[in-house]
Asks: 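Provided herewith is a single structure, encoded as structure tokens, for subsequent inquiry.
FYI, side chains are in, hydrogens and waters are out, and symmetry mates aren't considered; it's all heavy atoms of this structure. Letters go in sequence order (proteins before strands), and every chain restarts at 1.
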Amino acid sequence: MLVNCCAYQNGKRIADIQKNEISDYIHRPDTFVWVALYEPSAEEIDEMAVQFSLHPLAVEDARHGHQRPKVEEWGDQLFAVVHVVEMAGAEINTGEVDIFVGPNFVLSVRRGTEVGFQAVRERAEREPELLKAGSGFVFYALIDNIVDRYFPVVDFLEGQLEKIEERIFKDGTSPRANIESLYDLKGHGMTLRHAVEPLIEAIHKLYGGRVPQVCVGTQAYFRDVYDHLLRVSQQLDGLRDMVVTAMSVNLAMITLEDNKVTKRLASYAALIAVPTLVAGIYGMNFKNMPELEWTYGYPMALVIMAVSDFWIFRRLRGAGWL
Amino acid sequence: MLVNCCAYQNGKRIADIQKNEISDYIHRPDTFVWVALYEPSAEEIDEMAVQFSLHPLAVEDARHGHQRPKVEEWGDQLFAVVHVVEMAGAEINTGEVDIFVGPNFVLSVRRGTEVGFQAVRERAEREPELLKAGSGFVFYALIDNIVDRYFPVVDFLEGQLEKIEERIFKDGTSPRANIESLYDLKGHGMTLRHAVEPLIEAIHKLYGGRVPQVCVGTQAYFRDVYDHLLRVSQQLDGLRDMVVTAMSVNLAMITLEDNKVTKRLASYAALIAVPTLVAGIYGMNFKNMPELEWTYGYPMALVIMAVSDFWIFRRLRGAGWL
Amino acid sequence: MLVNCCAYQNGKRIADIQKNEISDYIHRPDTFVWVALYEPSAEEIDEMAVQFSLHPLAVEDARHGHQRPKVEEWGDQLFAVVHVVEMAGAEINTGEVDIFVGPNFVLSVRRGTEVGFQAVRERAEREPELLKAGSGFVFYALIDNIVDRYFPVVDFLEGQLEKIEERIFKDGTSPRANIESLYDLKGHGMTLRHAVEPLIEAIHKLYGGRVPQVCVGTQAYFRDVYDHLLRVSQQLDGLRDMVVTAMSVNLAMITLEDNKVTKRLASYAALIAVPTLVAGIYGMNFKNMPELEWTYGYPMALVIMAVSDFWIFRRLRGAGWL
Amino acid sequence: MLVNCCAYQNGKRIADIQKNEISDYIHRPDTFVWVALYEPSAEEIDEMAVQFSLHPLAVEDARHGHQRPKVEEWGDQLFAVVHVVEMAGAEINTGEVDIFVGPNFVLSVRRGTEVGFQAVRERAEREPELLKAGSGFVFYALIDNIVDRYFPVVDFLEGQLEKIEERIFKDGTSPRANIESLYDLKGHGMTLRHAVEPLIEAIHKLYGGRVPQVCVGTQAYFRDVYDHLLRVSQQLDGLRDMVVTAMSVNLAMITLEDNKVTKRLASYAALIAVPTLVAGIYGMNFKNMPELEWTYGYPMALVIMAVSDFWIFRRLRGAGWL
Amino acid sequence: MLVNCCAYQNGKRIADIQKNEISDYIHRPDTFVWVALYEPSAEEIDEMAVQFSLHPLAVEDARHGHQRPKVEEWGDQLFAVVHVVEMAGAEINTGEVDIFVGPNFVLSVRRGTEVGFQAVRERAEREPELLKAGSGFVFYALIDNIVDRYFPVVDFLEGQLEKIEERIFKDGTSPRANIESLYDLKGHGMTLRHAVEPLIEAIHKLYGGRVPQVCVGTQAYFRDVYDHLLRVSQQLDGLRDMVVTAMSVNLAMITLEDNKVTKRLASYAALIAVPTLVAGIYGMNFKNMPELEWTYGYPMALVIMAVSDFWIFRRLRGAGWL
Ligand SMILES: [Mg+2]
Ligand SMILES: [Mg+2]
Ligand SMILES: [Mg+2]
Ligand SMILES: [Mg+2]
Ligand SMILES: [Mg+2]
Ligand SMILES: [Mg+2]
Ligand SMILES: [Mg+2]
Ligand SMILES: [Mg+2]
Ligand SMILES: [Mg+2]
Ligand SMILES: [Mg+2]
Ligand SMILES: [Mg+2]
Ligand SMILES: [Mg+2]
Ligand SMILES: [Mg+2]
Ligand SMILES: [Mg+2]
Ligand SMILES: [Mg+2]
Ligand SMILES: [Mg+2]
Ligand SMILES: [Mg+2]
Ligand SMILES: [Mg+2]
Ligand SMILES: [Mg+2]
Ligand SMILES: [Mg+2]
Ligand SMILES: [Mg+2]
Ligand SMILES: [Mg+2]
Ligand SMILES: [Mg+2]
Ligand SMILES: [Mg+2]
Ligand SMILES: [Mg+2]
Ligand SMILES: [Mg+2]
Ligand SMILES: [Mg+2]
Ligand SMILES: [Mg+2]
Ligand SMILES: [Mg+2]
Ligand SMILES: [Mg+2]
Ligand SMILES: [Mg+2]
């Protein structure tokens, strides 16, 4: 689906154009065309491939999606794959954005994410001085927008971890639920990591060493994105480390619980077994058992049972078994 | 076994030839010979070694098989070892393909995999413009075909993991079966990893820095293969990480089960021991035990037993022990 | 909040100035202005951005805080983010200091830490020979001061670990408390690590290879800071390694405790069950049981019970079960 | 002990010589002397040091043995330390070979391995064309021979792992024996790893970049050795990974066994406790217990016991506890 | 404390001198002064700093001690920090040696180790040919001496590990003591690692690439030290790996022991419970129980108990539970 197709000259939008007008604009000086597609059909992509002379291998990637994050140079064009990982309410949503950039165009192909790049367009148009830098700045603004969506996700994950940590060290919670939550957390952390890690390397090449021509002049901006990515990465490192630790802590807590249960089992057994023994003794059939003849023999036996249980109970409670 | 032996000129097949005609063709301009062997005898390999002037050390590797993936330069020739890991129905099948490439020939030696490279030949012949690039393009097409077989395998493994994950967190499944499945998964992941990791480095050298002469002009294609390999590698990284985590989760579940069993054991013991104690008390032989004389003493005892068990049962159920 | 604003010439303080006088001083030769802000408002930062021509992207970072440690070059200026991790009594306190340095100014933005840099100012003013080197030396002195605060923290953490180690191997302590302490220790170690690790790389660039102009002449000092950071890092490595090990040791201790409890449970059970069996035997209703007729049958039964329990007790104690 | 001392010219053995004749031969053109020592005395080594002008530090290493694998350049000579790890029947045997190579000599010092290098000598003499390359080729042939001995070891270790894997997942085997075997396997893997890893780096320097003069012309052969070492290394990586996993699987199996034992314990307890309770009830001394008067009261009680046990047994079996 | 202060010329000791004579000697050609301090006061260090023009930052490190191992260049001087880890009887002793080296002097500052460097001095004086190389050779000899002390430590640690390994797999030893020993071993290994690892990198710079002037001519010797350090490092790697493995093996052994205890508990319970049931049956009060009337009813009951226990005992023993 074609979301948008506009021409910009010297940092200002000059026209909303039709697909077949693209070629009229991209050869004008200081002009570039910015096209946004949303889950396009193969035909729509092919059409754009012709308009912008995209490389067949890059087009193939854009058509299939499910690529890993990367930035590739094809002649004077760039082809970038960026994973979207964003909060959608209390859920984590994932998608992919493929971006083609040439000296005079930017083409974004968005999949699996409902939030589009209208905000990017508005921001860019509010800063015509920066937008003058051309398609490279739009390229930066798109990636920056996607990377900014990572922060709420990593904050959400850290929040989840904190909740689980509290539960782990609190009595009376289900260790099973903790394990499931930690396992989920681990999985989500990995999803974000797989979006972030390859992008770090890719963005690094856009501002250090030999810089692709379309990015010249916006290096400082890509360095800033790079820095944000490193921050997400570091938070993810910490998260992963603590999740692993929390898992082993949880296992220790479960084993501790096992100890506690065994102790309680032993305690209850003792509390029942001792009176049972007393009853057994007075159930013996010896002819000559004086207590059996006593008037208060029976209450005495019950008192013996109660007293010994009381004594056992106090000892076990004192030892923390009960 | 000789599967195929054809000569190509300017991207078109010009003849299906005999082994002894090879030398007639390989010296013609813009011509190359494409030979495919399947589990050849030592003699067949030696014959080819003579025809194409292969290096003895490379020939030795091809004769023995079981090499690690690599791409070696021998003068103006390349020798590549690639592991095949592919789905054969619901099973993972492994094999090895050794490829010799020179400016005017491609020789593939396939072992342990039933699916051959007919599809590669057909694809290449459908794209004469690309095939014009010569033996380097055929070399790419072969490797691309093998690498494409890795994706279904890694998808299969991820599917297996998801099935096990579901089972782990579901009651009433055998943790033992889960461990075995995870252990198998780990092993299969490693097999694929050992095919992929060394190949990443090897392919990298075919498009970056100094590129071997036979690959000049097809670098973009090898970069694409490289990118696919990185994708498999990243998926394998994630898989390995989650398998390790799932194993420790499974262990925690087993320990939890242990807790549950101990609790149930203690519960049943209590439910039997308390009435036994009551019975013991009324089995004592004291002369003076008024209850024994009561008309409804016996039913009263049974009621005491039932009531105390009912009370114990409710408490244990409430505590989640039963 | 503006804490301080002074001008220095040839290593000596020449004036405490107002914000609007800054521009009068920064263009004098051999003069620099040193400004210290504490949790400034956005407006205060913007004002300084104008005075010192700071880059918008760096200003944005300083305004938001919560950056990862780094040193960035913006033209002939440096922008540094340093995390403060310091002891505040027996608590670990964290904060952030952002530092802008130009050839003729130093601007520090401090957040979340009560201890300021008065000590740095005093030290610098006591060493006019070094202060003559200009803003680069002040930059060093600030970072050195923050890095010196890391040592008490890492010593505190090592002390905590030693206390926990003692407790782990001592009977009668709560393994649960040990786990919680170790988990906390792990978290604090990670906080410090995240402050230290990125700074190592950043500081390395201030004395090796191409050195930013403002740091020229003070490389030896930055190398010294670098060396201190490596020392903290190494201590943290060791700490992390031992914390992980201590956790698994603690788990082993818990499992050992489980063994002990099970053994004790079995012992007590045996001590009660054997007399119960004896009582059961003499509670049988056989007509012909000679012992029942004996005058001392009953005491004999009690003696049998006592002797067998004594024998069992001795064996269990000997085996270490009791 | 001197095993062998021969002179070679143009790839052919020209004489078996005495130690004191060495100096007569090593200055002839296209000639080199090949000396093999087996566990020599310090004097024998010193003698050779004089004959071949070996460097004192290298000689010291050769005298003491127990070096880590390495290849060092001393002027135009090379000094190599290679660990022998080889199968001796079903046992793993270790030794060390120190090799000195100069433009006109090869001196091997073998320790702790009974299999010598007669095979190397025979192979070399069968290939005079290669032997013409001089001492460098002999050097290669020696290392190649040692590296070829690693493969049976790693295959043996992989075979051991497979046997243990089978045992782990089979009922009725001793988990204790499995742990011991895995621990041994880990140790042996590490021995081989310590032989292989340092050698990889050392061999790499003999064919890539600046190549020592004595290895010039045989680089392709050293690259082949390098490739073999990488293969061993990869197999060892996989082995190590699987050993660690197998250990944790084994631990899970032990914990599972614990569950099973606890369940069985609980089952047997229930099967005995319920009839005991029934017997206790009919052992009560109430005056008015009609069943006691019944003619078939006793058999009825026994039937109640049997039926309840049968019912319990079926339930427990159904739940997999028995 | 000043231990020694001598002047050397052309490899020979020419005088034992006073502190204030140092300046007379260090400017003579081919002469150097060798000073050894033992736990000096701040004043003694300052005095030397003046005599040899040491850099303030290096002097500060030497005054405080507790630095990490390193070699720093200060102009034409070197400042080295080396950790001493040595056996003192059956204990591991740690200390630190700081070494300043200039073209015409060597100053060693020793702390926390009783064994000094008299042996180094004697060795150096026995080899005047090497000592002629000047202060660089003395520097090497000092470091070599310290590194040689690492080997007995690592051998001691490996010996400790072997003892623990034996104990782990032997019945009747305390797993608790094993854990403590392994934990200690881990800690000692880390101490040595922290001495060795940073030194490896530091020494590497003294013989490869650009070599500091005072080390020129002794590179081969520093390469030898480097090689020794790598050997220690590799042994420590192996040690660490095996300690971790031994810990998890020990945990598995503890869990196994738990199984055994539970089995034994169940066995004993069964051996007592079955006769108790029999006794209970014959304790029932049915009017019509023929066995009770039999003359040999009572012995028969005892025989039933004995036989069933014998049968249970044999089954349990057969199953390895007893
Ligand atoms: Mg991950
Ligand atoms: Mg990753
Ligand atoms: Mg990272
Ligand atoms: Mg990080
Ligand atoms: Mg980072
Ligand atoms: Mg337990
Ligand atoms: Mg692996
Ligand atoms: Mg691998
Ligand atoms: Mg990877
Ligand atoms: Mg990855
Ligand atoms: Mg990757
Ligand atoms: Mg347990
Ligand atoms: Mg960390
Ligand atoms: Mg980190
Ligand atoms: Mg570190
Ligand atoms: Mg470190
Ligand atoms: Mg370090
Ligand atoms: Mg290892
Ligand atoms: Mg390794
Ligand atoms: Mg390896
Ligand atoms: Mg490998
Ligand atoms: Mg490899
Ligand atoms: Mg590895
Ligand atoms: Mg258990
Ligand atoms: Mg360590
Ligand atoms: Mg370290
Ligand atoms: Mg190491
Ligand atoms: Mg090592
Ligand atoms: Mg190693
Ligand atoms: Mg090493
Ligand atoms: Mg247990």
Asks: Do you know which two heavy atoms are closest between Asn259(A) and Ile254(C), and how far apart they sit?
Replies: ND2-O, 3.3 Å
Asks: Counting heavy-atom pairs closer than 4.5 Å to chain A, which one of Glu72(C), Met284(C), His55(C) comes out on top?
Replies: Glu72(C)
Asks: Can you see which heavy atom on Asp224(A) is nearest to which on Leu57(C), and at what distance?
Replies: OD2-CD2, 3.6 Å
Asks: Shortest non-hydrogen contact from Arg231(A) to His66(C)?
Replies: NE-O, 3.2 Å
Asks: Would you mind telling me which of Gly297(C), Ala273(C), Ala301(C), Pro299(C) has the largest number of heavy-atom pairs within less than 4.5 Å of chain A?
Replies: Gly297(C)
Asks: Identify which part of Ile281(C) has an atom lying under 4.5 Å from any heavy atom of chain A, answering side chain, backbone, both or neither.
Replies: neither
Asks: Chain C heavy atoms under 4.5 Å from Glu291(A): which part of the residue, side chain, backbone, both or neither?
Replies: side chain
Asks: How long is the span from the CE atom in Met289(A) to the OH atom in Tyr282(C), to the nearest 0.5 Å?
Replies: 12.5 Å
Asks: Could you look at Ser248(A) and say if it's the side chain, the backbone, both or neither that has a heavy atom under 4.5 Å from chain C?
Replies: side chain
Asks: Looking only at heavy atoms, which two atoms of Leu251(C) and Ala252(A) are closest? And how far apart?
Replies: CD1-CA, 3.7 Å
Asks: Just verifying a value: how many Å separate Thr295(C) OG1 and Lys287(A) NZ, rounded to the nearest 0.5 Å?
Replies: 11.5 Å
Asks: Taking atom CG of Leu185(C) and atom OG1 of Thr245(A), what is their separation to the nearest 0.5 Å?
Replies: 11.0 Å
Asks: Take atom CD of Glu122(A) as the centre, draw a 6.0 Å sphere, and report whether it contains more than 12 heavy atoms from other residues, nucleotides or ligands.
Replies: yes
Asks: So for Tyr221(A), is it side chain, backbone, both, or neither that comes closer than 4.5 Å to the heavy atoms of chain C?
Replies: both
Asks: State plainly whether the residues Glu257(C) and Lys263(A) are in salt-bridge range, i.e. N to O under 4.0 Å.
Replies: yes
Asks: For Asp241(A) and Lys186(C), work out which heavy atoms get closest and say how close.
Replies: OD1-NZ, 3.3 Å
Asks: When only pairs under 4.5 Å are counted, which of Met247(C), Glu60(C), Lys70(C) shares the most heavy-atom pairs with chain A?
Replies: Lys70(C)
Asks: Which distance, rounded to the nearest 0.5 Å, do you find between the CD of Glu180(C) and the CD of Glu165(A)?
Replies: 10.5 Å
Asks: Say you draw a straight line from CZ of Phe286(A) to CD of Glu293(C); how long is it, rounded to the nearest 0.5 Å?
Replies: 10.0 Å
Asks: Heavy-atom count check: over 12 atoms from other residues, nucleotides or ligands less than 6.0 Å from Gln213(C) CD?
Replies: no
Asks: Should the heavy atoms of other residues, nucleotides or ligands under 6.0 Å from CD of Glu125(A) be counted, would the total exceed 12?
Replies: yes
Asks: With a 4.5 angstrom heavy-atom cut-off, is it the side chain or the backbone of Met305(C) that approaches chain A, or both, or neither?
Replies: side chain
Asks: Could you grab the distance from atom CG of Leu265(C) to atom CZ of Arg264(A), nearest 0.5 Å is fine?
Replies: 14.5 Å
Asks: Pick from Asn285(A), Asp227(A), Asn288(A): which one has the most heavy-atom pairs with chain C under 4.5 Å?
Replies: Asn285(A)
Asks: Compare every heavy atom of His194(C) with every heavy atom of Gly238(A), then report the nearest pair and how far apart it is.
Replies: CA-CE1, 3.8 Å
Asks: Which bit of Tyr183(C) comes within less than 4.5 Å of chain A, counting heavy atoms only: side chain, backbone, both or neither?
Replies: both
Asks: With chain C as the partner, which of Gly283(A), Ala279(A), Ala220(A) has the greatest number of non-hydrogen pairs under 4.5 Å?
Replies: Ala220(A)
